[in-house]
Amino acid sequence: MRNQLRQAAIRVFSDSANVRAVIVLIVVIVAALAGGAPDAYGN
Amino acid sequence: MILLYVLIPTAVIALLLGGDLAALGNVDIKGGWLALLAFGVQAALIIYSTNREPYLAVILLLTHATVVGVFIHNRYLPGFRLAALGLCLNVLVMTANGGWMPITPRAAHLVSGESAVQFAPGEHPPASKDIVLAREDTRLWFLSDIIYLGFPRRTVVSLGDIFLTGGIAYFLLITLLKHRTYDYVTTTH
């Protein structure tokens, strides 16, 4: 199971489009948290 | 976490409608690194600083202004204008109240959960951007953290938070579905 997950992760991240998609998603979520979106720090 | 409670169902709906997560890879967010930097500074400030000196409020506002700038700079992206409006409302109410997001003692008590901590006016709830202020002492009260959400967990949010979250959710939905629209157009013409 652990190995399958690892293989799946390698497949996803070996595609540069997927890596870019993950980076964009992280940037947007972090920007929203920094902007004061609810529950940024546990409130 | 409330943001994730909105974004995860939005992403699932988009995928069920035929969206593609990889479509996010085509988005170019200009100055995105500034938002990451602003978040890092905020996190360090809020988690590690034990006092609430006035200069910390200035730094907090500067980081918010930076994020506003990033959203305005990328205003051509779907939902970013709404998100920028929400951010501006948050910055406005925070600036009017000394740089921190005002929350009433009752609301702070409601979200403190099992511990049911009582906060006195002027106190800062731990690990937050908030300052506890009575309603009559809060400037632009209607823009502060006054909207109580009991589900999926207890919290209070501001009107700006609602616009911000709505803008991001709209961005996610439209971006993931964009390629589906393209497929539809190319197969029907």
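Numbers restart at 1 for each chain; the letters A, B, ... are given by sequence-line order, proteins then strands. As the structure is a prediction and not an experimental result, all values here were calculated from the model.
A distance of 9.5 Å separates CD1 of B:Ile168 from CG of A:Leu33, quoted to the nearest 0.5 Å. Taken to the nearest 0.5 Å, the CD1 atom of A:Ile26 stands 11.5 Å off from the CZ atom of B:Phe39.
When atom types are taken as modelled, the side chain of A:Arg20 and the backbone of B:Ala22 share no donor-acceptor pair closer than 3.5 angstrom.
Within a 6.0 Å sphere centred on OH of B:Tyr76, heavy atoms belonging to other residues, nucleotides or ligands number more than 12.
Proximity to chain A (any heavy atom under 4.5 Å) is shown, for B:Val70, by neither the backbone nor the side chain. In this structure, the portion of B:Phe71 lying under 4.5 Å from any heavy atom of chain A is its side chain and not its backbone. When heavy atoms are compared at a cutoff of 4.5 Å, A:Ile23 does not approach chain B at all. Interface remark: B:Leu7 contributes side-chain atoms only to the contact with chain A (heavy atom separation under 4.5 Å).
Under a hydrophobic-cluster definition in which Ile, Leu, Val, Met, Phe, Trp and Tyr are linked whenever side-chain heavy atoms come within less than 4.5 Å, directly or via other members, B:Trp100 and B:Val58 are assigned to different clusters. Placement of B:Ile8 and B:Leu15 within a single hydrophobic cluster is found when ILVMFWY residues are connected by side-chain heavy-atom separations under 4.5 Å, directly or transitively. Connection of B:Leu159 to B:Leu92 is established within a shared hydrophobic cluster, with ILVMFWY side chains joined at heavy-atom distances below 4.5 Å, either directly or through further cluster members.
Between B:Leu21 and A:Ala21 the shortest heavy-atom distance is O-CB, 3.5 Å. Closest non-hydrogen pair, A:Ala32 versus B:Leu3, comes out as CB-CD2, 3.7 Å. Heavy-atom minimum distance, A:Ala34 versus B:Ala35: CB-O, 4.4 Å. When every heavy atom of B:Leu24 is checked against every heavy atom of A:Val24, the shortest pair comes out as O-CG2, 3.4 Å.
With a 4.5 Å cut-off on side-chain heavy atoms, B:Leu172 and A:Leu25 count as touching.
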